[in-house]
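So the structure is just underneath, and the comments pick up after that.
Every chain is numbered from 1 and lettered A, B, ... according to where its sequence line falls, protein lines coming before strand lines.
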2 protein chains.
Amino acid sequence: MTGDYLAIGELGRRTGTKVETIRYYERIGLFAAPGRTAGNYRAYGPAHVNRLSFIRRSRDLGFSLDQIRALLDLADQRDRSCDAVDVIAREHLAEVDRKIADLRALRRELDSMIAQCRCGTVADCRIIEALSPQS
Amino acid sequence: MTGDYLAIGELGRRTGTKVETIRYYERIGLFAAPGRTAGNYRAYGPAHVNRLSFIRRSRDLGFSLDQIRALLDLADQRDRSCDAVDVIAREHLAEVDRKIADLRALRRELDSMIAQCRCGTVADCRIIEALSPQS
DNA sequence: TATGGACCCTGTAGTAACTACAGGGTCAAG
DNA sequence: CTTGACCCTGTAGTTACTACAGGGTCCATA
């Protein structure tokens with residue numbers, strides 16, 4: 001790859017993204033299609049590296065692709081108020097809190113279920129019993 | 001529906017399951033196909049209600065369909081040791097613990113990101129900054 | 001110069017666990 | 001005898017990728 005352009009594999013390596021995932025992001029319109037070389041290879045510049053890093057970091061923090069799309073749009077309108085960014089982040093935080101609470105409740109149930117297992121036969125297994133309808 | 005057989009809609013109501021989901025479970029071989037009426041309607045008996053309740057309860061506790069398949073198989077072999085049941089439940093518990101830990105770490109990051117937002121313009125938004133590559 | 005292997009291309013299908021139709025048939029009440 | 005609620009099959013959509021198949025490109029080495 002000539003100059004400072006990167007092939008898709010190198011971009012993937014630098015951003016911790018699989019090649020298929022990059023092509024997928026391009027296909028769904030999340031990540032802009034780059035120029036091509038004479039041999040029809042995608043040629044990425046520094047701006048692409050930044051953009052994809054932003055996407056990956058957001059994914060790591062659990063934002064959905066739709067949320068990331070909105071964040072990217074906002075990030076490009078540099079002189080507008082960042083309220084909208086804050087809203088997205090706070091909504092996501094609330095969702096994470098909800099998930100944590102759900103998992104904690106679930107954990108308690110699983111734990112008490114397992115605690116009752118005396119590991120005899122299935123016929124008197126407390127886990128199976130706990131899963132079965134009371135009727 | 002004659003006698004004490006239930007139509008799919010009634011079964012769904014009694015077990016808190018959508019009709020499409022019941023048909024889906026049947027299609028993937030998780031939930032046995034029942035007999036049919038003259039008009040080709042599915043006709044469910046009490047055993048079906050129990051089975052589906054078991055499946056739903058397991059789903060509510062976050063077991064995957066594959067895990068439930070295994071649990072159902074085991075639940076039917078009533079004179080075998082219930083060690084295998086215990087193993088599935090413990091594996092699931094460990095996974096839930098992992099997820100809780102991951103979400104907690106994520107929550108901390110999100111929280112500190114949001115805490116820094118002074119809500120000025122996007123140009124100096126700390127959230128966007130936190131998501132952007134450091135380079 | 002030929003060739004081998006690493007890389008790239010497109011397009012499609014698979015994953016989990018459903019959900020949502022479209023286009024029809026059945027059944028009971030009025 | 002018609003209306004509306006219910007049922008049937010089959011297919012396609014959802015999220016966020018992942019995994020091929022079947023080919024082309026590029027570069028270093030023999």
To the nearest Å, how far apart are Glu10(A) CD and dC7(C) C1'? 12 Å
For Ser53(B), the side chain to side chain donor-acceptor pair (under 3.5 Å) test, sequence neighbours excluded, returns none
Taking the side chain of Leu65(B) as heavy atoms from C-beta outward, which of dC17(D), dC8(D), dA17(C) is closest to it? dA17(C)
Can you name the side chain to side chain donor-acceptor pair (under 3.5 Å) partners of Arg69(A), sequence neighbours left out? none
Ala38(B) or Asp66(B), whichever maps to the more 5' nucleotide of DNA chain C: Asp66(B)
Note down the inter-axis angle between the two ends of the helix from dT1(C)-dA30(D) to dG30(C)-dC1(D), five pairs each, to the nearest 10°. 30°
Between the protein and nucleotides 9-13 of chain D, list the N/O to N/O atom pairs that are separated by less than 3.5 angstrom.
from   : atom 1 : to       : atom 2 : distance (Å)
dT9(D) : OP1    : Arg36(B) : NH1    : 3.4
dT9(D) : OP1    : Arg36(B) : NH2    : 3.0
dT9(D) : OP2    : Arg42(B) : NH1    : 3.0
dT9(D) : OP2    : Arg42(B) : NH2    : 2.8

Is there a donor-acceptor pair under 3.5 Å between the side chain of Arg57(B) and the backbone N or O of Ala130(A)? yes
In terms of the nearest nucleotide of DNA chain D, which residue is placed more toward the 5' end: Gly39(A) or Tyr25(A)? Tyr25(A)
Polar side-chain atom of Gln67(B) near backbone of Ser64(B) as donor-acceptor pair, under 3.5 Å: yes
Spacing of Ile22(B) atom CD1 relative to dA17(C) atom P, expressed in whole Å: 17 Å
Among residues two or more places apart or on two chains, list those pairs meeting ring pair (Phe, Tyr, Trp, His ring centres under 6.0 Å) that have a residue in residues 91-123 of chain A. Phe63(A)-His92(A)
Could you work out which one of dC7(D), dT19(C), dA16(D) sits closest to the side chain of Thr21(B)? dT19(C)
For Ile28(B) and dT19(C), what is the distance between atoms CD1 and C1' respectively, to the nearest whole Å? 14 Å
Residues two or more places apart in sequence or in another chain: which of them pass side chain to side chain donor-acceptor pair (under 3.5 Å) with Arg23(A)? none
Show me, pair by pair, the donor-acceptor contacts under 3.5 angstrom made by side chains of residues 27-36 of chain A, not counting sequence neighbours?
from     : atom 1 : to       : atom 2 : distance (Å)
Arg36(A) : NH1    : Asn40(A) : O      : 3.1
Arg36(A) : NH1    : Asn40(A) : OD1    : 3.2

Would you indicate which nucleotide in dC7(D), dC8(C), dC18(C) comes nearest to any side-chain atom of Tyr24(B)? dC18(C)
Sidechain N-carboxylate O distance under 4.0 Å for Asp102(B), Lys99(A): no
Closest of dA17(C), dC27(C), dC7(C) to the Arg13(A) side chain is dC7(C)
Quick one: Ile68(A) CD1 to dT15(D) C1', roughly how many Å, whole number? 12 Å
Could you check whether Phe63(A) gets within reach of a base, just the sugar-phosphate, or nothing at all, counting any heavy atom under 4.0 Å? nothing
Set of side chain to side chain donor-acceptor pair (under 3.5 Å) partners for Arg56(B), sequence neighbours left out: Tyr25(B)
Starting at atom CZ of Arg56(B), determine the distance to atom P of dA17(C), rounded to an integer number of angstrom. 12 Å
Checking Glu129(A) now: which residues fulfil side chain to side chain contact (heavy atoms under 4.5 Å, CB included) with it, not counting sequence neighbours? Arg126(A)
When rounded to whole Å, the OH to P distance for the pair Tyr41(A) and dC8(C) reads 7 Å
What is the separation between atom CD1 on Ile55(A) and atom P on dC17(D), rounded to the nearest whole Å? 10 Å
Interatomic distance, Ile8(B) CD1 vs dT19(C) P [rounded to whole Å]: 13 Å
